[in-house]
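Structure first, commentary second.
A, B, ... follow the sequence lines: proteins, then strands. Residue 1 opens every chain. None of the values given here were measured: they were computed from a predicted structure.
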There are 2 protein chains.
Amino acid sequence: MSEARDPLPGVTPAQPKPPMREALVDAAFELFLARGYEQTTIDDIVSLAGVGRRSFFRYFPSKEDVVFPDHERCLADMTEFLAASADTDDPVARVCDAARLVLRMYAEKPAFSVQRYGLTRQVPGLRTYEVSVVWKYERTLAEYLRVRFADRPDGKLRANVLAASVVAAHNHALRDWLRAGGKGDPTEAVDRALSFVRQTWSPEADGPGGGQTAGESEDVVVVITKRSTPMWRVVREVESSLGEN
Amino acid sequence: MSEARDPLPGVTPAQPKPPMREALVDAAFELFLARGYEQTTIDDIVSLAGVGRRSFFRYFPSKEDVVFPDHERCLADMTEFLAASADTDDPVARVCDAARLVLRMYAEKPAFSVQRYGLTRQVPGLRTYEVSVVWKYERTLAEYLRVRFADRPDGKLRANVLAASVVAAHNHALRDWLRAGGKGDPTEAVDRALSFVRQTWSPEADGPGGGQTAGESEDVVVVITKRSTPMWRVVREVESSLGEN
DNA sequence: TTGAGCAAGGGTATTCAGTACCCTCCCGCG
DNA sequence: CGCGGGAGGGTACTGAATACCCTTGCTCAA
């Protein structure tokens with residue numbers, strides 16, 4: 001399509017393109033979709049790709065990995081993204097943005113993602129593998145939150161549950177989009193699902209992207225409530241009275 | 001939590017005890033703990049158990065299954081437990097009780113559970129398998145909630161996120177107990193974790209079995225802050241000053 | 001220019017999980 | 001007595017994954 005001779009201003013540096021890796025993925029998916037995953041052997045794949053059997057395992061540790069060729073990079077991106085977080089950031093918003101990295105990876109190749117979704121639905125082994133990949137994302141988010149919530153009373157529990165919630169919400173919207181054939185833009189649905197979690201969980205400001213509350217108005221807000229009132233209800237009242245969101 | 005029936009078996013009928021199955025589990029764990037999981041072959045196990053290789057796969061579909069010998073039964077118990085739910089039950093409480101079924105399975109064999117925990121921490125393949133088992137529990141809970149929340153606006157999303165939260169909270173407390181060596185009773189910690197989820201998730205109804213917002217103090221709290229202060233920071237300050245758990 | 005070094009890929013043999021197929025007991029029942 | 005079925009045993013086979021070694025081609029320094 002577009003000659004990528006010059007360095008594009010992409011955020012994801014996949015410039016040192018390995019042609020062999022992509023040839024293996026293409027060959028594998030062609031066979032997987034034609035005969036099925038378990039009916040395709042590694043020898044089938046490498047013979048179609050025109051490479052040696054040994055080279056397959058040079059690029060993919062296992063047969064399942066060829067189905068998820070860019071999750072490792074995405075996981076590294078997420079880790080780096082969270083490590084680059086500032087202490088002043090809202091941790092919940094940061095984690096939601098980290099989840100959006102995964103969404104973007106799927107949305108970048110809609111057809112590929114939908115095909116893979118069809119495979120994972122049918123093959124139990126691939127579903128297991130996908131679940132373990134999702135679990136790695138969740139662990140990464142939880143680890144970040146665990147540090148950010150270290151000073152809180154139930155910080156670890158909060159971190160684990162919140163990470164699980166974010167992942168579940170993200171996957172819910174993502175699967176809806178995949179089931180629909182990957183048509184359109186899934187970001188809106190994911191934003192809705194994530195804001196649902198943020199509202200019920202730490203219902204602070206719900207803005208697009210970073211969710212920064214730019215300090216235009218330095219007014220002072222006074223809140224009076226009973227101690228027994230749930231925090232989420234207090235926040236909801238404050239937000240609606242401030243006209244936010 | 002309520003299981004007191006006159007005959008001792010509450011929900012778990014393990015009466016037709018297959019001696020061979022348990023002999024295989026014992027032999028497998030003896031070898032796994034001695035040499036490690038991957039260093040032990042199926043032939044090692046069956047020769048120690050004194051049975052034929054074919055018999056192993058008669059009882060366990062794969063090598064990993066011998067490490068989790070009673071999850072299938074527990075999953076069936078959970079499904080049955082949820083199917084026996086009445087429409088008048090609080091779905092959230094029901095799901096928490098379902099999660100407690102898993103806890104009880106672990107707590108019934110503390111030493112075994114701790115040994116297995118040591119294995120799953122070391123062997124990536126076993127961790128993957130365990131994650132996929134947890135995912136099956138989560139799916140079961142989510143399916144139940146999906147039906148119960150069918151009339152709500154975001155019922156499916158709510159069901160998925162809540163199921164993930166319950167599972168995460170349960171696993172958090174369970175792993176704490178396992179890391180501590182399986183000493184004592186884990187039910188209290190799990191109850192605490194589950195009530196944490198219930199408080200943040202369905203704050204409108206905090207009924208029996210764990211909800212302790214316990215409106216002892218109906219004092220009035222006054223909060224003064226700048227509008228530009230992020231809401232999450234306000235919440236944290238209020239929570240810590242209130243000494244909430 | 002040449003040769004050392006090295007990176008990338010190829011090829012083959014081996015291990016082991018998992019499956020298919022068939023065999024032998026054993027036990028009850030007609 | 002014969003028969004049928006279930007529980008267990010044994011063997012051969014497929015295929016994923018690994019180990020080990022070979023070839024090719026490129027770079028860089030002597």
What distance do Asp87(A) atom CG and Arg148(A) atom CZ have between them, rounded to the nearest 0.5 Å? 5.5 Å
Anything under 3.5 Å between a donor and an acceptor, one on a side chain of residues 109-119 of chain A, the other on a protein residue two or more places apart or in another chain? List them.
unit_1, atom_1, unit_2, atom_2, d
Lys109(A), NZ, Asp70(A), OD2, 3.0
Ser113(A), OG, Tyr106(A), O, 2.9
Ser113(A), OG, Lys109(A), O, 2.9
Arg116(A), NH1, Val67(A), O, 3.0
Tyr117(A), OH, Arg179(A), NH1, 3.1

Arg192(A) atom CZ, neighbour heavy-atom count above 12 within 6.0 Å: no
Taking only residues two or more places apart in sequence, or in another chain, which ones meet Arg127(A) in a salt bridge (Lys or Arg N to Asp or Glu O under 4.0 Å)? none
Please verify the inter-ring angle class for Phe68(B) with His71(B); under 30° counts as parallel, over 60° as perpendicular, anything in between as tilted. perpendicular
Is any side-chain N of the basic residue among Asp90(B) and Arg198(B) closer than 4.0 Å to the acidic one's carboxylate O? yes
Correct closest heavy-atom pair for Val131(A) and Val131(B) would be CG1-CG1, 3.5 Å
For the CZ atom of Arg175(A) and the OG1 atom of Thr120(A), what is their distance to the nearest 0.5 Å? 7.0 Å
Does Gly184(B) offer a backbone N or O that forms a donor-acceptor pair with the side chain of Trp177(B) under 3.5 Å? yes
Taking only heavy atoms on the protein side, list every residue of residues 23-48 of chain B lying under 4.0 Å from any atom of DNA chain C, sorted numerically. Thr40(B), Thr41(B), Ile42(B)
How long is the straight-line distance from CG of Leu82(B) back to CG of Leu141(B), given to the nearest 0.5 Å? 6.0 Å
Tell me which residues in residues 51-63 of chain A put a heavy atom below 4.0 Å from DNA chain D, sorted by number, or none. Arg53(A), Arg54(A), Phe57(A), Pro61(A), Ser62(A), Lys63(A)
Under a 4.0 Å heavy-atom criterion, DNA chain C is touched by chain B from dC16(C) to dC21(C)
Which residue, Phe32(A), Phe29(A), Tyr129(A), forms the ring pair (Phe, Tyr, Trp, His ring centres under 6.0 Å) with Tyr37(A)? Phe32(A)
Are Arg100(A) and Asp191(A) side-chain neighbours, meaning at least one heavy-atom pair lies under 4.5 Å? yes
Contact pattern, 5' to 3', of nucleotides 22-27 of chain D - B, S or - by protein heavy atom under 4.0 Å: ------
